[in-house]
Amino acid sequence: EAWCLIWLATDYTATYASVLNMLLISYDRWLMISYPIEHRSPCHEKRTLILAWGAWAVASLFFPIIIIWPFAADERTPKWDCYESFSEHAGFNAIYMILTFIAPFAILSYFNIKIYIQIHKRSKAKKAAATRHVLVAEEDATATSTNPHPQGNPPPAVDPPLCDTLTPVDRANPTPKSVQHLTP
């Protein structure tokens with residue numbers, strides 16, 4: 001009976017830790033897409049490690065519940081059967097379903113939708129920037145062919161892509177000023 005309880009507790013703990021780690025991966029991807037410069041900081045690595053350990057700590061809360069439940073509720077399983085005795089309790093099952101399926105599904109959906117929206121915005125901006133560059137190139141070609149002195153008519157100013165506004169120093173050591181214009 002003891003091995004059965006340890007097996008069940010380990011199974012529930014590892015399963016829930018996997019669910020929480022999937023949530024952390026989605027959160028990390030959202031940060032990477034939404035805040036690329038801040039995401040690369042050493043502080044982010046430390047925070048990620050703390051969150052991963054936290055996921056296992058939260059998941060390990062199932063371990064004592066599963067071990068203690070049969071004794072507290074006086075619901076021990078038959079000697080050769082290995083299943084959780086609380087599976088017949090609707091209240092526990094409802095809470096367990098919310099914690100391990102419904103809430104994680106909602107959170108994963110939220111992060112994936114946010115990632116999709118962010119990528120969609122970037123692709124629209126990239127297409128718009130490419131269109132502007134093509135139009136400027138066509139205007140330059142027209143101006144050069146009709147104007148014998150193209151240096152007299154400089155091409156219209158075009159906003160550079162967002163990432164090109166950073167100097168190599170800013171990319172290596174982002175300051176609050178250089179980071180500020182990149183956040184949505």
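One N or O on the side chain of Ser123 and one on the backbone of His120 form a donor-acceptor pair closer than 3.5 Å. Listed for the Asn21 side chain is a donor-acceptor partner under 3.5 Å among the backbone atoms of Ala17.
The number of heavy-atom neighbours closer than 6.0 Å to CE of Met97, taken from other residues, nucleotides and ligands shown, is 12 or below.
Looking at every heavy atom in both residues, Leu23 comes nearest to Leu108 through CD2-CG, 3.6 Å. Taking every heavy atom of both residues into account, Leu24 and Leu51 meet most closely at CD1-O, 3.3 Å.
Hydrophobic cluster membership is shared by Leu8 and Ile95, with clusters built from Ile, Leu, Val, Met, Phe, Trp and Tyr side chains linked at under 4.5 angstrom. Tracing side-chain contacts under 4.5 Å through hydrophobic residues (I, L, V, M, F, W, Y), one reaches Val58 starting from Ile66; they form part of the same cluster. Connection of Tyr12 to Trp7 is established within a shared hydrophobic cluster, with ILVMFWY side chains joined at heavy-atom distances below 4.5 Å, either directly or through further cluster members. Under the 4.5 Å side-chain contact rule for hydrophobic residues, Met22 and Phe101 do not share a cluster.
Counting heavy atoms from C-beta outward, Ile117 and Ile113 have side chains that approach closer than 4.5 Å. Residues Phe92 and Ile65 form a side-chain contact, since some pair of their non-hydrogen atoms from C-beta on lies under 4.5 Å apart. Looking only at side-chain heavy atoms (C-beta outward), Thr10 and Phe63 come within less than 4.5 Å of each other. Residues Arg122 and Lys126 form no side-chain contact, since every pair of their non-hydrogen atoms from C-beta on lies 4.5 Å or further apart.
For the atom pair CD1 of Ile102 and CD1 of Ile107, the computed distance is 12.0 Å after rounding to the nearest 0.5 Å. Annotation: the span from Ile115 atom CD1 to Leu31 atom CG amounts to 9.0 Å, rounded to 0.5 Å. Here the CG atom belonging to Asp11 is positioned 13.5 Å from the CD1 atom belonging to Ile6, to the nearest 0.5 angstrom. Between Tyr27 atom OH and Arg47 atom CZ the span is 5.0 Å, to the nearest 0.5 Å.
Legend: side-chain hydrogen bond (donor to acceptor under 3.5 Å, both in side chains) pairs involving residues 93-115, not counting sequence neighbours: none detected.
Using cut-offs of 30° and 60° for the angle between ring planes, the Phe62 and Tyr16 rings count as perpendicular.
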